[in-house]
Amino acid sequence: MQFQFDWSAFFESFPMLMRGIKFTIVITIGGLVFGFLIGAFMGLMKLARHVVPRTLAITYIEAIRGTPMLVQAMFLYYGVPMAMGLRIPPLTAGIIIIAINSGAYIAEIVRGSVQSIDPGQTEAGRSIGLTRSQTMLYIVWPQAFKRMIPPLGNQFIISLKDTSLLMVIGVGELLRTGQEIVAVSFKAFEVYLAVAVVYLVMTLTIARGLRVLENHLEMKTKR
Amino acid sequence: MESTEMIKIVNLHKNYGELEVIKGINLEIRAGEVVCIIGPSGSGKSTVLRCINRLETPTSGTIIVDGKDIMDSETDINHVRTEAGMVFQQFNLFPHMTVLDNVTIGPVKVRKISVTEAEKLGRSLLEKVGLADKAKNYPEQLSGGQKQRVAIARALSLKPKVILFDEPTSALDPELVGEVLEVMKQLASEGMTMVVVTHEMGFARDVADRVIFIDKGVIQEDNAPDAFFSNPENPRLRDFLGKVAEH
Ligand SMILES: Nc1ncnc2c1ncn2[C@@H]1O[C@H](COP(=O)(O)OP(=O)(O)O)[C@@H](O)[C@H]1O
Ligand SMILES: [Mg+2]
């Protein structure tokens, strides 16, 4: 039997994938918002003077970066409820997993960016009487944040793609939705191709948006 | 005399690990005095200056700034830093802020005065250093000399009682040195207390009340400029002045 590409199966996939696309977007954005908060907190903790917060941050970062996200997802969704007796709905679990996972990478982005700012900036801030936290808030952070944007955009793309792993815990994201369509239509080639096209469009859009944002910020300082 | 004492340093020591950088320095600076510190590179000039506003923590010794012991844990070091401004060799302006914001952030965030009031103060300070027209520019649009004048205005924005200058003209192209020294001369003539680490011997000779020579972490000479330059007794100083003169 010869393979025939079924154009209508390909095109008809897109409307059916809509729900999955929405889930993927919600999980990615929700996860990254919390992931950024976790990452900013942990990244700054890793720069703390005291050994206790530093150790906590390092432990978290190494534990997450040293284990596969798939394992983290299985552990949180199937493992933790066994121990704690509470079930987390798949969507919430998805957001939590993306947040905890991206948080570790974002922590390193934050730490690196903050550390890359000339110590003279901190000294100048302190020399006019600003406190440590004021110096971070008004002097170091705004400059560091600008340097975070490219790697954060990169993390955005990585996390978006990583949401596909959440299909194993039954989150109705894009790939899972595709799989469900295939289960009915058996058009694996056409449907998974459509899924891939959607991921590609989303990641290219992010990359594009990022370039625009970077150019915009570049212009602003060269005013 | 006691009441006019602005800075008093007693038996200051500073080690970086095994390396002893400052080996027992004693120094008193009175209100209104301009003191220039000269000495070879690596002799500890910056370290002494940075201990005064505790950007470096002394290993031992006592430093009193405007009556406050900076080593005392009761002392609000942020307040001391508003009384002792600092100007850096590399300017260290805040590149993400306009020139005006650079000179108003201290008054607004530290002194907690209103933005309107701070901007009035800021503009008058920029006028003083001859940069009123640059208020809305960003630091990277300025020449080195202009940047350093903004940095001086920023140090002045907290209305400090003393300003510490760490080689303020060493990063500048030679033709830009004059405009910065001009501003410093004006400050000196207005009675500002100044401690200036510098290689500008002309400035030290003309403007300073006292010149100090530091070598290997020790004050080798502390004298009025005339005696200091025309009749140096310390052989190390004579050697140093000879080397500087050759350049
Ligand atoms: N943070 C530091 N860690 C280790 N050594 C330092 C540090 N800062 C300065 N030093 C050393 O202390 C000595 C004095 O430095 P410094 O005060 O900057 O000299 P100067 O300003 O007279 O050129 C130098 O030998 C320098 O290498
Ligand atoms: Mg120095």
Side-chain angles (χ1 to χ4, degrees), chain A residues 36 40 43-44 47-51 53-54 109-153 210-223, chain B residues 46 49-50 52-57 76-98 101-112 118 136-141 147-148 150-160 162-166 171:
Chain A
F36 182 72
L44 293 177
L47 293 172
R49 276 170 302 175
H50 299 290
V51 59
R54 257 199 340 259
I109 293 172
V110 167
R111 182 199 53 75
S113 305
V114 166
Q115 266 182 334
S116 77
I117 303 301
D118 175 8
Q121 290 290 307
T122 302
E123 292 185 352
R126 299 308 307 274
S127 81
I128 56 172
L130 295 172
T131 63
R132 279 174 69 90
S133 40
Q134 283 178 321
T135 305
M136 178 53 72
L137 185 61
Y138 301 121
I139 310 299
V140 178
W141 184 265
Q143 297 181 56
F145 186 73
K146 251 173 77 176
R147 295 192 188 175
M148 288 175 211
I149 290 172
L152 282 178
L210 218 72
R211 266 203 306 280
V212 173
L213 181 65
E214 279 170 49
N215 287 341
H216 174 77
L217 288 173
E218 196 85 349
M219 304 270 277
K220 226 176 110 190
T221 48
K222 295 250 161 74
R223 183 168 35 184
Chain B
S46 298
L49 212 60
R50 293 157 58 82
I52 295 173
N53 65 352
R54 230 179 69 189
L55 283 184
E56 301 290 348
T57 309
D76 177 2
I77 190 64
N78 294 318
H79 181 76
V80 172
R81 287 177 178 148
T82 65
E83 304 287 8
M86 185 169 248
V87 173
F88 301 87
Q89 180 175 348
Q90 298 297 339
F91 329 128
N92 295 346
L93 291 181
F94 307 133
H96 59 303
M97 296 180 184
T98 63
D101 289 341
N102 265 272
V103 298
T104 56
I105 180 157
V108 171
K109 300 299 177 193
V110 180
R111 296 274 196 233
K112 313 270 186 216
K136 289 294 172 192
N137 286 90
Y138 281 83
E140 71 175 2
Q141 298 165 313
K147 282 182 195 166
Q148 196 58 300
V150 173
I152 293 173
R154 179 177 67 186
L156 288 170
S157 70
L158 281 304
K159 303 204 165 105
V162 50
I163 301 187
L164 314 168
F165 294 83
D166 193 357

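Each chain gets a letter, A, B and so on, in the order its sequence line appears, and its residues count up from 1.
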Undergrad: Indicate yes or no for a side-chain donor-acceptor contact from B:H96 to the backbone of A:Y138 under 3.5 Å, with no hydrogens or angles considered.
TA: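 Checking the backbone N and O of A:Y138 against the side chain of B:H96, a donor-acceptor pair under 3.5 Å is found.
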Undergrad: Does A:R132, at its CZ atom, have more than 12 non-hydrogen atoms belonging to other residues, nucleotides or ligands within less than 6.0 Å?
TA: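 At most 12 heavy atoms, drawn from other residues, nucleotides or ligands, come within 6.0 Å of this atom.
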Undergrad: Identify which of A:S127, A:P142, A:G125 forms the greatest number of heavy-atom pairs closer than 4.5 Å to chain B.
TA: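 Ranked by heavy-atom pairs under 4.5 Å with chain B, first place is A:S127.
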Undergrad: Do the side chain of A:Q121 and the main chain of B:L93 share a donor and acceptor less than 3.5 angstrom apart?
TA: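 Indeed, once roles are kept as given, a pair shorter than 3.5 Å links the two residues.
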Undergrad: With chain B as the partner, which of A:D118, A:T122, A:I128 has the greatest number of non-hydrogen pairs under 4.5 Å?
TA: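 Greatest number of close heavy-atom pairs with chain B: A:I128.
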Undergrad: For a quick test of reading the model, state the closest non-hydrogen atom pair linking A:I139 to B:I105 and the distance between them.
TA: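 Taking A:I139 first and B:I105 second, the nearest heavy atoms are CD1-CD1, 4.1 Å.
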Undergrad: Can you tell me if B:N78 and A:R126 form a side-chain donor-acceptor pair at under 3.5 Å?
TA: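 Yes, a side-chain donor-acceptor pair sits under 3.5 Å.
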Undergrad: Tell me if a side-chain donor or acceptor on A:Q134 pairs with a main-chain N or O of B:K109 at a distance below 3.5 Å.
TA: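 Yes; at least one donor-acceptor contact below 3.5 Å.
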Undergrad: Name the region of B:F88, side chain, backbone, both or neither, that has any atom closer than 4.5 Å to a heavy atom of chain A.
TA: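 Just its side chain gets close to chain A.
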Undergrad: Side chain, backbone, both or neither: which part of B:R111 has a non-hydrogen atom closer than 4.5 Å to chain A?
TA: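 When you check distances to chain A, no heavy atom of B:R111 falls under 4.5 Å.
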Undergrad: What residue, out of B:Q90, B:K136, B:R154, has the most heavy-atom pairs lying under 4.5 Å from chain A?
TA: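 Greatest number of close heavy-atom pairs with chain A: B:R154.
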Undergrad: Count the heavy-atom pairs under 4.5 Å between each of B:L55, B:N53, B:T82 and chain A, then report the option with the highest count.
TA: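 The answer is B:L55.
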Undergrad: Can a donor-acceptor pair be found, under 3.5 Å and without considering hydrogens, that links the side chain of B:N92 to the backbone of A:G120?
TA: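 Yes: the side chain of B:N92 pairs with the backbone of A:G120.
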Undergrad: Quick one: OG1 on A:T131 to CG on B:D76, what's the gap to the nearest 0.5 Å?
TA: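 Between A:T131 OG1 and B:D76 CG, I get 10.0 Å after rounding to 0.5 Å.
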